There are 2 protein chains.
Amino acid sequence: MTRSRAQDPNVCGVTAAIAVIDGKWKTSLLWLLESGPHRPGELRRRLAGLSEKVLTQALREMEQDGLVHREVHDVLPPKTVYSLTAFGRDLAKALDALAEWGHRRLDRLRVSEAAS
Amino acid sequence: MTRSRAQDPNVCGVTAAIAVIDGKWKTSLLWLLESGPHRPGELRRRLAGLSEKVLTQALREMEQDGLVHREVHDVLPPKTVYSLTAFGRDLAKALDALAEWGHRRLDRLRVSEAAS
DNA sequence: CAGCATCCTCTACGATACTG
DNA sequence: CAGTATCGTAGAGGATGCTG
């Protein structure tokens, strides 16, 4: 997704929501964190291709947006745990309807490619 | 939104849905078309900053994705009308939950900026 | 191991000029 | 008026090296 979306008054809520899940990895992170707290290392292992820089950046933005809680244990080696806030969990739930529609789309694609 | 999102199996449906509304203007177009068929000129007038090229490109993609129907009247001056398909209307409905969450976020932002 | 800084690439989007 | 073609640009995201 491209960062700066239309701020048209017509789209109101949708735009505000998408602004927050915008970026290549945020929906995936939301999904993973929905199943419980995770450490950065785990997240990277699960998401092949996600660089250290981009992960941190995404998590920081999600933290600022109130979706994610960051818990730093001041030990050696460093340990940080990320988890979803209630607000973040609500967003994940709001995505369920979208996911359902998406599955219908995937079914369609499967059918049309089977026909070729 | 950036075009190429994660194709992680974990995100399945959500990714498939977002792929289709990805781009700066598609959600706005979906919103406008939800209220009825529109001609390209009308759409551009409503969405300030949307260039001719990008509009056509977005509509073509949405047509390919089965969200939009394109009806060409072969007259002079040219007349084309775009409308949502049933599939497209379903997507718009699926976005309702997201919109609701988005409004909650906007309320939050309003509160936090009022506090400053 | 968590995280920051730097450089580079790629592409969606914008601007402009032009056809039928 | 609908649509195409071309060029230029900003910024997200990838790669790499370095710190505590």
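Model, not experiment: these values are computed from the prediction. A note on names: the letters A, B, ... follow the listed sequences, proteins ahead of strands, and every chain is numbered from 1.
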Looking at five pairs on each end of the helix from C:dC1-D:dG20 to C:dG20-D:dC1, what is the angle between the two axes, given to 10 degrees?
30°

When the distance from CD of B:Glu71 to P of D:dG3 is rounded to whole Å, what number comes out?
12 Å

For B:Arg44 and D:dA2, what is the distance between atoms CZ and C1' respectively, to the nearest whole Å?
10 Å

What residues form a side-chain hydrogen bond (donor to acceptor under 3.5 Å, both in side chains) with B:Arg45, not counting sequence neighbours?
none

Check whether A:Leu59 and A:Val54 end up in the same hydrophobic cluster, where Ile, Leu, Val, Met, Phe, Trp and Tyr are linked by side-chain heavy atoms less than 4.5 Å apart.
yes

Quick test of your reading: applying salt bridge (Lys or Arg N to Asp or Glu O under 4.0 Å), list the pairs with at least one residue in residues 101-115 of chain A, sequence neighbours left out, ordered by first then second residue.
A:Arg104-B:Asp90, A:Arg105-B:Asp65, A:Asp107-A:Arg110

When rounded to whole Å, the NZ to P distance for the pair B:Lys24 and C:dT11 reads 19 Å

Roughly, in whole Å, what's the span from CG in A:Leu55 to C1' in D:dA15?
15 Å

Interatomic distance, CG@B:Leu43 vs CG@B:Leu33, rounded to 0.5 Å, equals 5.5 Å

Tell me: NE2 of A:His73 to P of C:dC1, nearest whole Å?
17 Å

Counting only N and O atoms by type, is there a donor-acceptor contact under 3.5 Å from the side chain of A:Arg46 to the main-chain atoms of A:Leu32?
no

Roughly how many Å is it from CG in A:Leu50 to C1' in D:dG14, rounded to a whole number?
10 Å

Point-to-point distance, once rounded to the nearest 0.5 Å, from CG of A:Leu91 to CD of A:Glu34:
9.0 Å

Starting at CD of B:Gln57 and ending at P of D:dT6, how long is that distance when rounded to a whole Å?
15 Å

By side-chain hydrogen bond (donor to acceptor under 3.5 Å, both in side chains), which residues pair with A:Gln57, not counting sequence neighbours?
none

Can you tell me how far P of C:dT19 sits from CG of B:Leu76, to the nearest Å?
17 Å

Listed once per pair and sorted, the ring pair (Phe, Tyr, Trp, His ring centres under 6.0 Å) pairs that draw on residues 32-73 of chain B, sequence neighbours left out:
none

Determine, for A:Lys79 against A:Glu71, whether the closest basic-nitrogen to carboxylate-oxygen distance falls under 4.0 angstrom.
no

Listing time: all N or O pairs from protein to nucleotides 2-4 of chain C that are below 3.5 Å?
unit_1, atom_1, unit_2, atom_2, d
C:dA2, OP2, A:Gly41, N, 3.3
C:dA2, O3', A:Thr80, OG1, 3.0
C:dG3, OP1, A:Arg70, NE, 3.1
C:dG3, OP1, A:Arg70, NH2, 2.4
C:dG3, OP2, A:Tyr82, OH, 3.1
C:dC4, OP1, A:Arg60, NH2, 3.2
C:dC4, OP2, A:Arg60, NH2, 3.3

